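A short worksheet on the structure shown next.
Note on naming: letters A, B, ... go to the chains in the order of the sequence lines (proteins, then strands), and numbering restarts at 1 for each one. No experiment lies behind these values; they were computed from the predicted model shown.
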Amino acid sequence: MPESKYIFSLKEWEKKASSELGGNPSSSANWKTLEDIAIKMLYTSEDLEKLSYSETLPGLSPFIRGPHATMYSGRKWTIRQYAGFSTAKESNKFYRENLAAGQKGLSVAFDLATHRGYDSDHQRVLGDVGKAGVAIDSVEDMKILFDQIPLDQMSVSMTMNGAVLPILASYIVTAEEQGVKQEQLSGTIQNDILKEFMVRNTYIYPPSPSIRIAGDIIEYVSTYMPRYNSVSISGYHLQEAGATAVQELAFSLGNGLEYVRTAINRGMEIDSFAPRLSFFFGIGMNFFMEIAKLRAARFLWNKLIQEFNPKKVESSMLRTHCQTSGWSLTEQDPYNNIVRTTIEALAAVLGGTQSLHTNAFDEALGLPTETSARIARNTQLILQEEAGIPNVIDPFGGSYFMESLSESLIQESAKLLEKVEKLGGMTKAVESGMPKQQIEASAARRQAMIDQGQEVIVGINKYKAENAEPVEVRDIDNTAVREAQIKMLKKIRKNRDQQKVDSFLNALTNAADTGVGNLLGLSINAIRARATVGEVSLALEKVWGRYNAPVQSISGVYAGAFPDQKKISEVRNEIKNFAKKVGRRPRIMVAKMGQDGHDRGAKVIATAFADMGFDVDIAPLFQTPEEVVRQSIENDVHVIGISSLAAGHKTLIEELMKVLRQENSEDIAVVAGGVIPPKDYDFLKSLGVCCIFGPGTAIPDAAREVLMSLKVTH
Amino acid sequence: MNQKNSTLLEKILQGDRRAMAKAITLLESTNSESFEKGQELLDSLLPHTGKALRIGITGVPGVGKSTFIEAFGLFLIKLKHRVAVLAVDPSSPVTGGSIMGDKTRMNELSQHPNSFIRPSPSSGVLGGVARKTRETVLICEAAGYDIVFVETVGVGQSETLVDSMVDLFMLLMLPNAGDELQGIKKGVLELADLIVVNKSDGLQEPLAISTQSEYRKAMQLLSSSKKSWDPQILRCSALEKVGMQIIWEAVKNFQDALQNSGEWAQQRRSQSAKWMWALVEEGLLKNFRKNENIKKIIPEMEESVSSGEMLPSNAARRLLEKWASSKKTCTSKK
Ligand code: B12
Ligand SMILES: Nc1nc2c(ncn2[C@@H]2O[C@H](COP(=O)(O)OP(=O)(O)O)[C@@H](O)[C@H]2O)c(=O)[nH]1
Ligand SMILES: [Mg+2]
């Protein structure tokens, strides 16, 4: 070892640093992250001494440096772009173009009607068909979706949780009819129902039967589909709903443990299914934290699985897909998003992901266009092929800072996971509402930090562009898609052997009732006989009912995160004056209509508005316009605030205004917010919507504007 | 009575939802004009009120009150009753507004044509909540609802207030035998006519059974608040909608027992008297604080009392004397 001829004295450094900081200690510049982890300005070999692990290697336990021994030097990560819209035919065309242009795997995004187990002709999905994903009603649609895409060669990931049985069954039957056996299929079904109850909101049945479904799928896949991942345990959605890195790790790993226990309790061997569990993480803008997160995740999972005495190394080896954060992307000055996505993609790669989705720059406006999708894909191709990045495994390995940060995340997440375990595991924790509440509190705190400029977002709260040119937005004609789907449904129902269908559906209902029989196997029978997605879902709903997750709320977090209370006291005063004049506080019904389950914005608005002095009613998810109107009349609110993110706004708000008129309740004002492309503003205003708030709205401003519109109407 | 109020009255009597909602807002209003209108309306509604069974439901947050009302309310609607629910939230902070999500736990009930559910925001004053709720009950009765639930979180004194406006007071409990009666005050237990151990389902069922017998023992040591009724301890699962029939039978037995003994009518009469006095107290205090002469010396009195310069009893006497003398000058001016 060469003798160092340089000075290594932290004392000396501290002296110098402190004088550069005007006499303050170097620790005065520590940065507290959202996770409450203090980041120092300098890390040294001393920090490495505090690690709970020492030298490790990729491909070997505990896998901190990567699950595979050769990582990208052996095989690059899979470019897997999540996509789907309109009809199966349209989506199929899009997939094939993308594959031709360098994409490597498919990832299917279904529309919300499908997610929630409704056929396109159901009256509750008027605004949802084909809008936020592709509409699939039956195996016939699925066959069109994969037309000319050989399923024995293409790995396909499907984001499906609620209607997972009919969808996975349709995929298997499609392969079968393509001449591909189920054991040849490779890919992933998300099948992570616990996080649906926490944040993603496309559940159908209550928690316990839902877990049974997950278990049946794990069992079926481990028996018949050796190349297929039976669960994709997802932290990504938690992050997008507001979770910090620590929450994302603890809760997703906790969910994973729950699936493992479910399978073990059925008498399965850990090695028979654990190698087919995969993970999915979100990658936001906190660059180093995200790299450390993937490293920490692998370490922790390896440790957690040891409890079950695996013999195969693959059982405790965490493999993951990643997606860059859509939440971090802005509607304003949207080309900035290309830069953000590049930084995030780099973090995912340096963290050692196995596959990656990069978002398009028009994320906060609508589904990607051909152009924006191309740039998103090229971002990864450039990282893979132009910058020499894949040649070295875990280039951050051994970095004082990175190892230290990984350790902090390991410690903090383990602590939170411990809390979950004390509650009796994630299922119990989810029932208690703890994780959702913690995530919502993080989201409210973060919103407050952005609204007061503590967290900078270029183009939103700093360096705003005066006149950024508008970009083209993909628009889908949901009425046309719905009509096409209904036509197809009619045809299928006419041409099938109804008796056969009924008997398979009855078998499903029976199995739900008795608890006997594998639900996936039974669903495959029904789907093969041309039962629809909605019919299979209904066969189970007959026994289990449709679940409504209780809506919880938090208060005080948003306002509490304003160190400068003056910023909100102005709004508070205006509200007080209103109350004095009108005789009560302004009352708002915050509502979501259709199958749109994005509730982060609605929840943040509700809690922040209440903190500022509004009386806030929160409606349950999945309301029809009629239901919203009745509740608003009964509670005698001044204003209905619709939050719409899944593109149902035009259809559903038009209907809402119609019902308000029918009920002689036009004295109730209507405002809207969410992902509403500016080109739709005029239409909504012409219907009578008072104001519209897009992504990036500072909430105190919105509160004031809503109040203004009430002064006019009241 | 003005035009607007008389049509409001007619519509309420027809059960019009929107009219009921508007009337309740009048009652809740701090604007004196609206408030007066509300009171006037109440007067004219009075002959049409009093016919409902009024049930108070309380228990710690999360015990399942809203879920229970969803289950029990739907059960009663099947028996052809019309069900109104008033959800009171006394727990929100003074600076902000209230955040009300009760209806999300009463999803099916809240969509039913034979239900009416109104969550009320906190007014920052406990007594204020009680007053409005009591009056709101009358609106629901006039609109033809024959069962009215008043849901309130079991914190502080709110349950005593609710007890003074309902016929039957139901306390929901968690299956936690031995958990020292879950911090519920003895006084509250004594008010309860029915104690229902909720969440008696799944793995918690055995615990619920033992909790039930525990409470049965504990209740023997407490005195009952009614002469003609001994409190009962029951069990249910609001989530799985199990136990509703038994609870309904207990409610009917309660009603029979109290009606037969005359205690039913007596309770309503004494509630009315109490209500009158509560209103008198509220009105007096409001006038007192509004009085110009009093307003002037309040800060001084508060200051001297909190700094220890003056005894509270002396300060109170000075304030009351000032009040009495200013009343005299007022009348002499007239
Ligand atoms: C977070 C997110 C998710 C999370 C949702 C978590 C949750 N519990 O909310 C997860 C990862 C689960 C998710 C899933 C899906 N998502 Co998503 N998601 C987003 C994302 C990235 C951010 C939304 C967000 O929460 N922002 C933060 C909040 C605070 O902002 P906000 O809601 O806009 O609210 C602000 C303003 O709009 C306004 N506001 C909003 N509402 C109201 C109401 C009132 C009264 C007022 C005054 C103001 C107001 O004030 C708020 C404060 O500034 C957006 C893209 C984007 N950047 O907007 C896509 C996006 C909304 N998702 C999309 C899609 C397609 C989906 C899926 C349907 C995909 C699929 N096919 O499976 C699923 C299914 C979700 C479901 N159940 O509905 C699409 C919708 C496409 C479209 N509109 O055409 C988007 C636009 C992305 C895209 N371009 O593809 N998603
Ligand atoms: N297991 C079980 N859970 C219940 C039952 N009743 C309510 N809950 C759950 O307890 C939580 C709180 O219920 P809620 O009705 O909102 O309680 P409230 O605050 O007392 O009104 C919710 O998650 C309910 O689903 C029950 O009978 N059994
Ligand atoms: Mg409640």
Side-chain angles (χ1 to χ4, degrees), chain A residues 206 208 424 428 432-433 546 548-556 558-559 565 568-569 572 575 579-590 603 606-624 626-627 630-638 663-665 667, chain B residues 16-35 37-38 61-62 64 66-67 70 84-85 87 89 91-108 110-113 115-124 132 202-203 239-241:
Chain A
S208 69
K428 283 276 159 358
S432 81
R546 218 169 235 279
N548 269 296
V551 177
Q552 298 168 312
S553 54
I554 48 171
S555 68
Y558 179 83
Q565 295 282 321
I568 41 178
S569 66
R572 280 188 172 149
I575 291 174
K580 217 178 249 166
K581 220 178 101 210
V582 176
R584 58 174 176 148
R585 289 186 286 249
R587 187 163 179 169
I588 184 170
M589 166 77 68
V590 177
K603 292 312 245 336
T607 189
F609 268 49
D611 280 1
M612 285 182 291
F614 274 80
D615 283 330
V616 181
D617 293 279
I618 321 184
L621 287 173
F622 315 125
Q623 299 275 286
T624 61
E626 290 79 8
E627 288 164 354
R630 163 163 172 188
Q631 302 313 325
S632 303
I633 290 176
E634 205 160 278
N635 294 5
D636 197 24
V637 301
H638 296 109
E663 297 290 327
N664 288 322
S665 293
D667 56 328
Chain B
D16 182 272
R17 214 172 278 290
R18 189 179 143 86
M20 289 171 72
K22 293 280 176 206
I24 295 171
T25 301
L26 290 179
L27 299 177
E28 288 179 349
S29 184
T30 55
N31 174 304
S32 52
E33 206 179 308
S34 308
F35 182 78
K37 259 193 227 155
S66 303
T67 314
E70 162 94 351
V85 183
D89 161 35
S91 62
S92 69
V94 198
T95 43
S98 295
I99 190 160
M100 292 160 285
D102 303 83
K103 284 198 189 181
T104 62
R105 279 104 196 263
M106 303 182 209
N107 203 18
E108 206 180 323
S110 69
Q111 300 303 344
H112 201 283
S115 80
F116 180 91
I117 305 178
R118 173 78 168 230
S120 285
S122 144
S123 64
K132 292 173 207 160
L203 295 175
L239 201 64
E240 294 178 358
K241 300 187 165 66

For this session: Report the option among B:Gly62, B:Ser34, B:Ser110, B:Ser32 that has the most heavy-atom pairs separated by less than 4.5 Å from atoms of chain A.
Result: B:Ser110
Exercise. Is it the backbone or the side chain of A:Ala579 that comes under 4.5 Å from a heavy atom of chain B, or both, or neither?
Worked result: backbone
Seminar exercise, completed: If one checks every heavy atom of A:Leu621 against chain B at 4.5 Å, the contacting part turns out to be neither
Exercise. A:Ala619 versus chain B, heavy atoms under 4.5 Å apart: side chain, backbone, both or neither?
Worked result: backbone
Seminar exercise, completed: Most contact-rich option vs chain B, by heavy-atom pairs under 4.5 angstrom, among A:Ile618, A:Ile575, A:Ile554, A:Val590, is A:Ile618
For this session: State which residues pass side-chain contact (heavy atoms from CB on, under 4.5 Å) with A:Asn548; sequence neighbours excluded, sorted by chain then number.
Result: B:Asn107
Seminar exercise, completed: One should read off an interatomic distance between A:Ile588 CD1 and A:Asp617 CG, to the nearest 0.5 angstrom, of 9.5 Å
Seminar exercise, completed: d(B:Glu108 CD, A:Arg546 CZ) to nearest 0.5 Å is 13.5 Å
For this session: Output all residues satisfying side-chain contact (heavy atoms from CB on, under 4.5 Å) with A:Gln552, sequence neighbours left out; order by chain, then residue number.
Result: A:Lys436, A:Gln437, B:Arg105
Exercise. Between B:Glu33, B:Glu28, B:Met20, B:Lys22, which shows the greatest number of heavy-atom pairs under 4.5 Å with chain A?
Worked result: B:Lys22
Exercise. Of all heavy-atom pairs between B:Ser66 and B:Asp102, which one has the smallest distance, and what is that distance?
Worked result: OG-OD2, 3.8 Å
Exercise. Are B:Lys103 and A:Glu634 ion-paired here, with the side-chain N under 4.0 Å from a carboxylate O?
Worked result: yes
Exercise. Which bit of A:Ser432 comes within less than 4.5 Å of chain B, counting heavy atoms only: side chain, backbone, both or neither?
Worked result: neither
Exercise. Between A:Glu627, A:Glu663, A:Arg584, which has the largest tally of heavy atom pairs under 4.5 Å with chain B?
Worked result: A:Glu627
Exercise. Do B:Thr25 and B:Arg118 have a side chain donor and acceptor closer than 3.5 Å?
Worked result: yes
Exercise. Which bit of B:Ile117 is near chain A, if near means a heavy-atom gap under 4.5 Å: side chain, backbone, both or neither?
Worked result: both
Seminar exercise, completed: When the 4.5 angstrom heavy-atom criterion is applied to A:Glu626 and chain B, the contacting part is neither
